[in-house]
Amino acid sequence: MASSDQDGVIQDPLHQPQPEELSTDKAQLRRPSWYAEMRQEQPVRYDEERNRWDVFRYEDVNAILRDHETYTTTFGNTTEGKSMFTEDPPEHGRLRNFASNWFSPRTLREKRPRFEEIADELIDEIEPGNVDIISEFAHPYPVTIIAESLGLPIEDYEQFIEWSDASLRVPPRTDDDEMATPEEQETAIREMSQYFSELVHERADGDGSDLITIAATNDDLSHKEKVTFCHGILVAGNVTTINLITNALWCFEEFDLIDDIRSGAIDRKQAIEEVLRYRSPAQSLVRRTTQPVEIGGKEIRKGELVTAWTGSANHDPATFDAPEEFRPERKPNRHISFGGGIHICLGAPLARLEADIALERLLDRFEVVEPDLSDLSPQATPFGLQSLPCYLEK
Ligand code: HEM
């Protein structure tokens with residue numbers, strides 16, 4: 001989910017400029033109706049404020065994601081090491097394929113017991129009663145899994161979480177914490193890159209199975225590319241997964257499904273797919289045109305930025321029956337919440353596994369799980385909530 005802007009500075013992919021129409025909390029919560037209006041009235045439009053095109057229909061969004069020759073993720077030279085997010089083939093394959101095996105569902109299956117343990121250890125620490133389920137669980141759980149997957153020494157976890165929150169400008173974990181300022185964000189990114197850089201050097205001859213060693217021992221990558229890979233994993237896999245777990249609890253409570261999910265009357269994995277469709281953490285992806293192109297009857301010049309609204313595509317009635325209904329048993333469910341084409345999410349099997357375990361353990365360990373949806377605090381991108389009060393009883 002990374003991109004960079006036209007003059008080559010890597011932009012924070014999680015904070016792409018948002019259109020005026022989504023500028024309030026109320027508007028965030030009414031996204032589906034805005035998307036419906038746009039698909040109907042302006043399925044392809046130019047937004048002067050943000051200097052980019054917006055595309056809303058499933059067919060068009062899907063076509064954009066699958067055509068990397070016309071719609072590239074390269075945005076100019078950067079001073080950072082090259083990253084799979086912002087390269088076309090053949091560089092893209094060189095920067096991605098070496099890690100594919102680690103992310104395969106087969107490799108990940110072996111990790112399930114350890115991930116369950118991580119979830120259980122966090123749950124052991126939760127005092128039942130009224131809690132913010134994000135700061136108590138949905139946040140530390142995926143960050144711990146990423147720290148462990150990168151093979152970070154356990155004594156560095158706290159520091160890593162601090163850098164990670166500041167670098168991604170994750171909302172405060174407690175009322176006392178402030179969201180990082182842009183300066184603090186920059187410092188965190190610099191310090192974390194330095195930290196990754198040292199670990200990459202240390203593990204150059206390592207034989208571990210962690211992601212840092214896998215990058216460090218790969219002769220096809222430069223040192224900078226190895227460091228950028230580690231940072232990219234964190235950027236792509238942290239807030240998105242926090243939000244998937246949160247959005248699942250939000251949907252299950254709103255549609256009164258918690259007991260059925262717990263009992264197995266509703267298939268949990270299938271329901272998670274519907275959460276991905278209905279309230280996807282990634283609502284939009286950015287591309288740049290490499291040639292003049294016509295889409296939805298509009299002429300787009302070469303070199304223009306195009307926002308492909310996957311969040312809108314996932315609610316397009318031309319592709320989904322009754323898209324505004326949350327149907328946990330929906331099958332097939334052709335959502336494009338993990339993107340499509342060559343940049344399709346490398347971490348999708350991990351995200352699915354993490355969400356499955358998180359929901360299984362929470363609903364298994366607590367007899368009552370009651371999110372309070374009375375005063376929601378939406379977060380624009382990746383789409384989710386800043387906090388989710390929840391009543392828990394064992
Ligand atoms: C629910 C959680 C997640 C969502 C919704 C999500 C979504 C996405 C999307 C939409 C893309 C495509 C970006 C584009 O086309 O420009 C992407 C790419 C990527 N994601 Fe995820 N992601 C999630 C979790 C993860 C996790 C857990 C990891 C790894 C730890 C991860 C690693 C990546 C990587 C490396 C790419 C770049 C692939 C490439 O450019 O070839 N993601 N993700």
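Residue indices begin at 1 and follow the sequence shown. Both counts, for ligands and for their atoms, begin at 1 and track the order of listing.
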> So which of His68, Glu87, Met84 gets nearest to atom 35 (C) of ligand 1, if we judge by its closest heavy atom?
Replying inline: Met84

> Is it the case that Arg279 places NZ or CZ above or below the six-membered ring of Trp250, under 6.0 angstrom from the centre and within 45 degrees of the axis?
Replying inline: yes

> Can you find an N or O of Arg287 that's nearer than 3.5 Å to an N or O of ligand 1?
Replying inline: yes

>> Please classify the Thr240 to ligand 1 contact at 4.0 Å (heavy-atom distances, strictly less than): side chain, backbone, both or neither.
In response: both

>> Geometry only, no angles: is Ser280 polar-contacting ligand 1 at N/O separations under 3.5 Å?
In response: no

> Does a donor on one side chain and an acceptor on the other come within less than 3.5 Å for Asn238 and Ser164?
Replying inline: yes

>> Looking at Arg262 and Asp364, is any side-chain nitrogen of the basic one under 4.0 Å from a carboxylate oxygen of the acidic one?
In response: no

> Using the ring of each side chain (for Trp, its six-membered ring), is Tyr278 parallel, tilted or perpendicular to His315, with breaks at 30° and 60°?
Replying inline: tilted

>> Looking only at distances, can you tell me whether any N or O atom of His92, backbone or side chain, sits closer than 3.5 Å to an N or O atom of ligand 1?
In response: yes

> Can you name the residues that form a ring-ring contact (aromatic ring centres under 6.0 Å, His included) with Tyr35, not counting sequence neighbours?
Replying inline: Trp309

> Mind checking whether Ser337 has an N or O less than 3.5 Å away from an N or O of ligand 1?
Replying inline: no

> If you count the atoms of ligand 1 from 1 in the order shown, which ones are under 4.0 Å from a heavy atom of Gly237?
Replying inline: 25 (C), 26 (C), 27 (C), 28 (C)

> Taking atom 42 (N) of ligand 1 as the point of reference, which of Pro382, Gly339, Cys345, Ala351 owns the nearest heavy atom?
Replying inline: Cys345

> Does ligand 1 have an atom that lies less than 4.0 angstrom from a heavy atom of Ile342?
Replying inline: yes

> Are Ile342 and Leu346 in one and the same hydrophobic cluster, where Ile, Leu, Val, Met, Phe, Trp and Tyr link if side-chain heavy atoms are under 4.5 Å apart?
Replying inline: no

> Just checking, any donor-acceptor pair under 3.5 angstrom between side chains of Ser337 and Arg277?
Replying inline: no

